[in-house]
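Notes follow once the structure below has been shown.
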Number of protein chains: 2
Amino acid sequence: MPADETVIFDQPCPIRDVLDRIGDQWSLLVLEALSHGTLRYSDLMRGIGDISKQMLAKTLRRLEMDGFVTRKVFAEVPPRVEYSLSPLGRSFMQQVQGMIAWADANHRDIVLNRRAYEQG
Amino acid sequence: MPADETVIFDQPCPIRDVLDRIGDQWSLLVLEALSHGTLRYSDLMRGIGDISKQMLAKTLRRLEMDGFVTRKVFAEVPPRVEYSLSPLGRSFMQQVQGMIAWADANHRDIVLNRRAYEQG
DNA sequence: GCCTGATGGTCGTGTTTTTAGACCATGTCG
DNA sequence: CGACATGGTCTAAAAACACGACCATCAGGC
């Protein structure tokens, strides 16, 4: 067992690259919201509740850039912009569903662990 | 910021609660590293590469608190501390594996999308 | 005509989070 | 003695983020 496995994440590492985009506190939440259907910018603001305008815009731009989300602008007044999951995004969310189901099933244990830790 | 104004995500929302802990740039990376086996603090530093000591400590503490990770301290000098996935953590990582495999399979498309976005 | 409201953001500023680096205790090796 | 290794913590500086103001535009009420 030579120690050549110390560097776990290689430079062009897909896991690292995708996780860096996903692991930013908001991306998964936005994708989850969109997985229920197309939403406008203000719908996402209201739905998520505690995201700032700036971060929502930034998160959406990145998700659009990576091809997870589709942005459709309507030339109306007041302006209307609709966001929805692309096929790639839907495909990704199928994977995430497993995680969400797991969270649902194990949330109780986690909360219990947290409480126990705080008291021990 | 009002911490309980979510509309889509209800108050005792498992998805939101777990995602908030997981979606923090480092947790998934640490869990991924530990999924290959037990590691010491310094192994994790080297393996992940660009995490700061403070964030690694903080991330590990939270992961331990939630019960994903087990911390074993050996009374030696210099001190030795081993981190490993708990059964709960392993169970969670089974779900994450799907995401990782997906990332592996779709990384190419994502990079292509990014490039296309930057040019158009 | 004028004021108000709605939309999808951007901008500037102040607050929070993260980083980089020094530092600590302690025993081993040279 | 003096350097080295470990697992952190503490502090000051940098980066990320939140909050409110603001923009253009048109519809509807007055």
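Letters go in sequence order (proteins before strands), and every chain restarts at 1.
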(message) Starting the side chain at C-beta, find the nucleotide from D:dG8, C:dT19, D:dC22 nearest to B:S52.
(response) C:dT19
(request) Measure from the side chain of A:Y41, starting at C-beta and using heavy atoms only, and say which of D:dC17, D:dT9, C:dG9 lies closest. (result) C:dG9
(request) Using a 4.0 Å heavy-atom cut-off across all strands, classify B:Q54 as base, sugar-phosphate, or nothing. (result) base
(message) Is there a side-chain contact between B:W26 and the phosphate of C:dT19, meaning an N or O under 4.0 Å from OP1 or OP2?
(response) yes
(request) Establish, with yes or no, whether the OP1 or OP2 oxygen of D:dT9 is under 4.0 angstrom from a side-chain nitrogen or oxygen of B:R61. (result) yes
(message) Just N and O in the side chain of B:S42: are any of them under 4.0 Å from OP1 or OP2 of D:dG7?
(response) yes
(message) Heavy atoms from C-beta onward define the side chain here; which of D:dG7, D:dC26, C:dG8 lies closest to that of A:V77?
(response) D:dC26
(message) Angle between ring planes, A:F68 versus A:F92, binned at 30° and 60°: parallel, tilted or perpendicular?
(response) perpendicular
(message) Of the listed nucleotides (D:dC17, D:dT6, C:dA6), which one gets closest to any side-chain atom of A:K58?
(response) D:dC17
(message) Whether A:R80 contacts D:dT25 is assessed here as follows: a side-chain N or O lying under 4.0 Å from the phosphate OP1 or OP2. Is that the case?
(response) no
(message) Using a 3.5 Å distance criterion without hydrogens, assess whether the side chain of A:Q95 forms a donor-acceptor pair with backbone atoms of B:G98.
(response) yes
(request) Please assess B:M65 against B:R21 for the test side chain to side chain contact (heavy atoms under 4.5 Å, CB included), listing each intermediate value before the final yes or no. (result) CA-CA 11 Å; B:M65 178 165 67; B:R21 296 299 178 116; 3.4 Å; yes
(message) Checking contacts here: which listed nucleotide (D:dT6, C:dT19, C:dG9) is nearest the side-chain heavy atoms of B:R40?
(response) D:dT6
(request) Could you please name the option among C:dT19, D:dA5, D:dG7 that lies closest to any side-chain atom of B:P78? (result) D:dA5
(request) Would you kindly give the CG-to-P distance between A:L39 and C:dG9, to the nearest whole Å? (result) 14 Å
(message) Can you identify which nucleotide, out of C:dT18, D:dG8, C:dT10, has its nearest atom closest to the A:A57 side chain?
(response) C:dT10
(request) For A:Y83, report the nucleic acid contact type (base, sugar-phosphate, nothing); a contact means any heavy atom under 4.0 Å. (result) sugar-phosphate
(message) What does the 5'-to-3' dot-bracket notation of DNA chain D look like when only Watson-Crick and G-U wobble pairs under 3.5 Å count, and pairs to other strands show as |?
(response) ||||||||||||||||||||||||||||||
